[in-house]
Engineer: 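My structure is below; once you've seen it, I'll send some questions.
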Amino acid sequence: MKQNVIEIIQKALESLNTVWGANLPDIEVEVPRDETMGDLATAVAMRLTKVLKKSPRKIAEEITGKINEQQPDFFEKIEIAGAGFINFRFKKDFFHKSLGMLLEEGHLSLRTDIGKGQKIQVEFVSANPTGPLHIGHGRGAAVGNALCNILKAAGFDVQREFYINDAGLQVKLLGRSVFARYQQLLGNDVPFPEDGYKGDYIEFIAQEINNSEGNKYLNRTFEECGEFLTDYAYKMMLADIEKDLKDFGVVFDRWQSERELHMQGKVESAIKDLKSRDLIYEKDGAVWFSSSRFEDDKDRVVKKQDGEYTYFASDICYHKDKLDRGFDTIIDIWGADHHGYIPRVRSVLEAFDLPGDKFKVVLIQMVSLLRHGQPVQMSKRAGAFITLREVIDEVGPDITKFIFLTRKADSHLDFDIDIAKEQSAENPVFYVQYAFARISSLFRQAEEKGVMSQESRVSGRGVSQYAPDLSALIEDEEISLIKKFLQYPMVFEGAALACEPHRITYYLQELAGIFHAYYYKHRIISDDNRLTPARLGLCKGVKIVLEEGLKILGVSAPERM
RNA sequence: GCGCCUGUAGCUCAGUUGGAUAGAGCAACUGACUUCUAAUCAGUAGGCCUGAGGUUCGAAUCCUCACAGGCGCGCCA
């Protein structure tokens with residue numbers, strides 16, 4: 001729909017430009033807020049006022065004149081309105097044909113190829129393997145997963161990666177915590193590390209070690225058995241994390257271990273590489289990266305006085321490694337509390353010659369968990385926090401994901417467990433899923449009643465002798481519905497370009513709303529042999545779009561509810 | 001102190017990258033189940049888009065300042 005109009009405007013502008021000789025702006029087409037204004041509108045005329053020094057209406061007239069010369073056959077009306085908008089209204093026939101194409105080609109016709117096979121890597125969740133995933137990680141997982149689905153459907157070659165921070169002090173602390181609990185469990189009352197992890201899961205791990213290894217580490221020092229216990233604990237944690245994510249419906253293509261980068265000598269060589277670019281220097285007994293030569297406000301230490309690499313050093317290496325693996329674009333999804341880290345990582349990528357617009361960070365804001373409208377206090381150190389596992393078990397993955405995707409990633413989110421659990425109108429997931437289930441039910445009915453137009457026939461390729469006569473769809477609500485799903489590719493493309501999955505969530509709610517109203521007002525299955533198949537065809541179209549959208553969000557589309 | 005994010009209906013939030021008369025859900029109120037699923041629908045009401053300037057044909061959107069809230073500013077990870 002959009003592309004048709006853009007091409008036509010483009011042609012008109014080009015032919016006019018032989019007179020104008022101006023710099024043509026990008027043509028932007030939008031859906032007017034009010035349906036009475038038309039189906040699509042453009043504000044190009046207003047954008048040209050400055051260059052051409054003419055009134056916007058005058059320019060709009062010249063453009064529409066040229067458009068009319070092309071005599072496009074799908075417009076019912078082109079008019080100039082307001083300050084200089086050009087409004088396009090399509091013929092009903094155009095909508096019928098568009099629906100026909102959707103039914104013929106299925107959900108693949110909803111996708112685009114703006115990615116053109118570009119390799120893009122999305123790194124998300126990347127939680128420390130020192131404890132279970134909490135609800136904030138869940139939000140990151142939901143957003144990252146949906147974003148990957150979107151990018152893939154938009155023609156990008158997407159890789160999903162989880163970065164494991166298994167090299168630092170945090171993991172060692174996990175080991176010490178487990179060590180203490182293990183000793184205590186077997187009656188050796190060693191002190192618990194001061195800022196150790198206090199959650200119950202630590203005792204659980206200690207118990208597991210006792211089950212599989214017995215008491216052979218009892219009364220040993222941490223130096224003697226710490227490495228084994230640490231490895232055991234963090235691997236167990238990691239397996240847990242992977243399982244939680246899988247049950248949440250999020251699967252990664254690759255898990256990158258930080259420790260591995262160190263062991264392969266890649267950290268060292270990454271720093272060397274920077275040094276060869278003259279971006280590394282020594283000062284005060286430490287080694288620094290000149291990040292302030294890029295976008296950072298000061299230089300950063302990569303190797304401390306004690307000779308240890310900093311966490312940032314691993315990150316330099318990790319991001320260089322992403323580039324070495326041949327990705328054109330790199331997307332990192334981080335908790336919003338890490339936003340201060342963006343300039344230095346951006347500096348790293350620029351130092352390695354990646355253009356600035358090829359690195360994007362999506363920030364995930366905090367989730368405040370509520371129960372009965374009251375905030376639940378969360379303290380990670382004390383081990384008192386709500387895990388993703390608990391929420392999945394209590395609320396379910398579909399609802400949880402959908403709620404995470406009803407907000408822009410970068411804004412705070414209140415997650416009320418009780419409301420989420422209620423199977424009520426307050427829950428927007430059901431609204432969308434219900435529309436899908438209703439349509440599914442219609443097709444079951446149609447089949448039972450032996451209505452000619454079964455779902456498979458309505459949609460099937462190569463069975464055109466059964467194809468419904470879509471010109472029977474003349475009600476306003478029917479045309480509105482078709483218009484709405486013709487907008488899907490625009491919304492979808494916008495979501496891909498802006499990395500904003502929530503746009504699809506909103507769109508689906510709107511589409512479901514229009515469908516519910518239509519369903520209520522008009523009977524789909526009747527004894528009208530021409531109208532019934534056409535309306536079922538329309539419903540099939542809605543169903544295809546709903547299914548595609550839900551799939552992209554990672555939410556299931558149930559046949560019954 | 002510096003930086004980033006946020007501020008839109010009573011509540012929770014959208015707002016198509018600067019466009020037309022600012023939208024949705026919930027809550028409130030009025031109505032609709034002998035019906036293909038009422039997890040639904042129709043309607044009413046609700047606004048100084050935090051405030052003040054500025055940029056231009058045009059601002060919730062961009063710029064400056066103020067106010068309020070959140071988060072960051074380590075040779076921690």
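Proteins get letters first, then strands, A, B, ... in listed order; numbering begins at 1 in each.
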Engineer: When all nucleic acid strands are considered with a 4.0 Å heavy-atom cut-off, which category describes A:E510: base, sugar-phosphate, or nothing?
Structural biologist: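 Here A:E510 touches no strand at all.
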
Engineer: So A:D296, base contact, sugar-phosphate only, or nothing? Heavy-atom distance under 4.0 Å.
Structural biologist: nothing

Engineer: Assign A:R535 to base, sugar-phosphate, or nothing according to its heavy-atom contacts below 4.0 angstrom with the strands shown.
Structural biologist: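 No contact at all - A:R535 keeps every heavy atom at 4.0 Å or more from the nucleic acid.
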
Engineer: Excluding sequence neighbours, so at least two apart, what forms side chain to side chain contact (heavy atoms under 4.5 Å, CB included) with A:Y520?
Structural biologist: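 Here no residue qualifies.
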
Engineer: Contact class for A:A498 vs. all strands (heavy atom < 4.0 Å): base, sugar-phosphate, or nothing?
Structural biologist: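 Base contact.
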
Engineer: Of all residues at least two apart in sequence or in a different chain, which pass the side chain to side chain donor-acceptor pair (under 3.5 Å) check with A:Y431?
Structural biologist: none

Engineer: Mind checking what makes side chain to side chain donor-acceptor pair (under 3.5 Å) contact with A:H412, not counting sequence neighbours?
Structural biologist: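 For A:H412, no residue satisfies side chain to side chain donor-acceptor pair (under 3.5 Å) once neighbours in sequence are set aside.
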
Engineer: Please report the distance separating the P of B:G74 from the corresponding atom of B:A68, rounded so that it comes out in whole Å.
Structural biologist: 25 Å

Engineer: A:T49 has a side chain; which of B:G18, B:U12, B:C57 sits nearest to it?
Structural biologist: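 Of the options given, the side chain of A:T49 lies nearest B:C57.
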
Engineer: Sugar-phosphate atoms are those with a prime plus P, OP1 and OP2; base atoms are the rest. Using that split, label each nucleotide of nucleotides 42-51 of chain B B, S or - for protein heavy atoms under 4.0 Å, 5' to 3'.
Structural biologist: S---------

Engineer: With the threshold set at 4.0 Å, does a side-chain nitrogen-carboxylate oxygen contact exist between A:E448 and A:R444?
Structural biologist: no

Engineer: Using the side chain to side chain contact (heavy atoms under 4.5 Å, CB included) criterion, which residues pair with A:S126? Sequence neighbours excluded.
Structural biologist: A:E123, A:Y163

Engineer: I'd like to check the ring pair (Phe, Tyr, Trp, His ring centres under 6.0 Å) partners of A:Y506; sequence neighbours left out, ordered by chain and number.
Structural biologist: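 Partners of A:Y506 under the ring pair (Phe, Tyr, Trp, His ring centres under 6.0 Å) test: none.
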
Engineer: Whole Å only: how far is the CZ atom of A:R503 from the C1' atom of B:G15?
Structural biologist: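 Atom-to-atom, A:R503 to B:G15, this comes out as 10 Å.
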
Engineer: Given B:C13, B:A20, B:U17, which nucleotide is nearest the side-chain atoms of A:S411?
Structural biologist: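 The nucleotide sitting nearest to the side chain is B:C13.
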
Engineer: Write down the distance separating the C1' atoms in B:G25 and B:G15, rounded off to the nearest Å.
Structural biologist: 15 Å

Engineer: Please, which pairs that meet salt bridge (Lys or Arg N to Asp or Glu O under 4.0 Å) have at least one residue in residues 504-517 of chain A, sequence neighbours excluded?
Structural biologist: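 Those involving residues 504-517 of chain A are A:K484-A:E510.
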
Engineer: Answer yes or no: is there an ion pair linking A:E79 with A:R89, defined by an N-O contact shorter than 4.0 Å?
Structural biologist: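 Salt bridge flag = no for A:R89 with A:E79.
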
Engineer: Rounded to whole angstroms, how far apart are NZ on A:K484 and C1' on B:U16?
Structural biologist: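 Checked: the NZ to C1' distance equals 10 Å.
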
Engineer: Nearest-nucleotide wise, let me know which of A:I524 and A:M46 is further upstream toward the 5' end of RNA chain B.
Structural biologist: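 Of the two residues, A:M46 wins.
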
Engineer: Sequence neighbours excluded, which residues qualify as side chain to side chain donor-acceptor pair (under 3.5 Å) partners of A:E35?
Structural biologist: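 A:E35: side chain to side chain donor-acceptor pair (under 3.5 Å) contacts with A:S480, A:K483.
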
Engineer: How does RNA chain B read in dot-bracket, base by base from 5' to 3', with Watson-Crick or G-U pairs under 3.5 Å and | used when the partner is on another strand?
Structural biologist: (((((((..((((.....[...)))).(((((.......))))).....(((((..]....))))))))))))....

Engineer: According to the salt bridge (Lys or Arg N to Asp or Glu O under 4.0 Å) rule, which pairs have a member within residues 511-526 of chain A, sequence neighbours left out?
Structural biologist: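 Sorted pair list: A:E477-A:K521.
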
Engineer: Quick one: on RNA chain B, does A:R560 or A:M490 contact a more 5' nucleotide (nearest heavy atom)?
Structural biologist: A:M490

Engineer: Using a strict 4.0 Å threshold on nitrogen-to-oxygen distance, state whether A:R535 and A:E478 make a salt bridge.
Structural biologist: yes

Engineer: Give A:F85 one of three labels, base, sugar-phosphate or nothing, depending on what nucleic acid heavy atoms sit under 4.0 Å from its own.
Structural biologist: base

Engineer: Might you list the N or O atoms of the protein lying below 3.5 Å from N or O atoms in nucleotides 70-77 of chain B, with each pair's distance?
Structural biologist:
from, atom 1, to, atom 2, distance (Å)
B:C75, O2, A:Q305, N, 2.8
B:C75, N4, A:D284, O, 3.1
B:C76, OP2, A:K304, NZ, 3.2
B:A77, OP2, A:Y311, N, 3.1

Engineer: Among all residues two or more places apart in sequence or in another chain, which pass the side chain to side chain donor-acceptor pair (under 3.5 Å) test with A:S347?
Structural biologist: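 Testing A:S347 for side chain to side chain donor-acceptor pair (under 3.5 Å), a comparison that skips the adjacent residues, returns none.
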
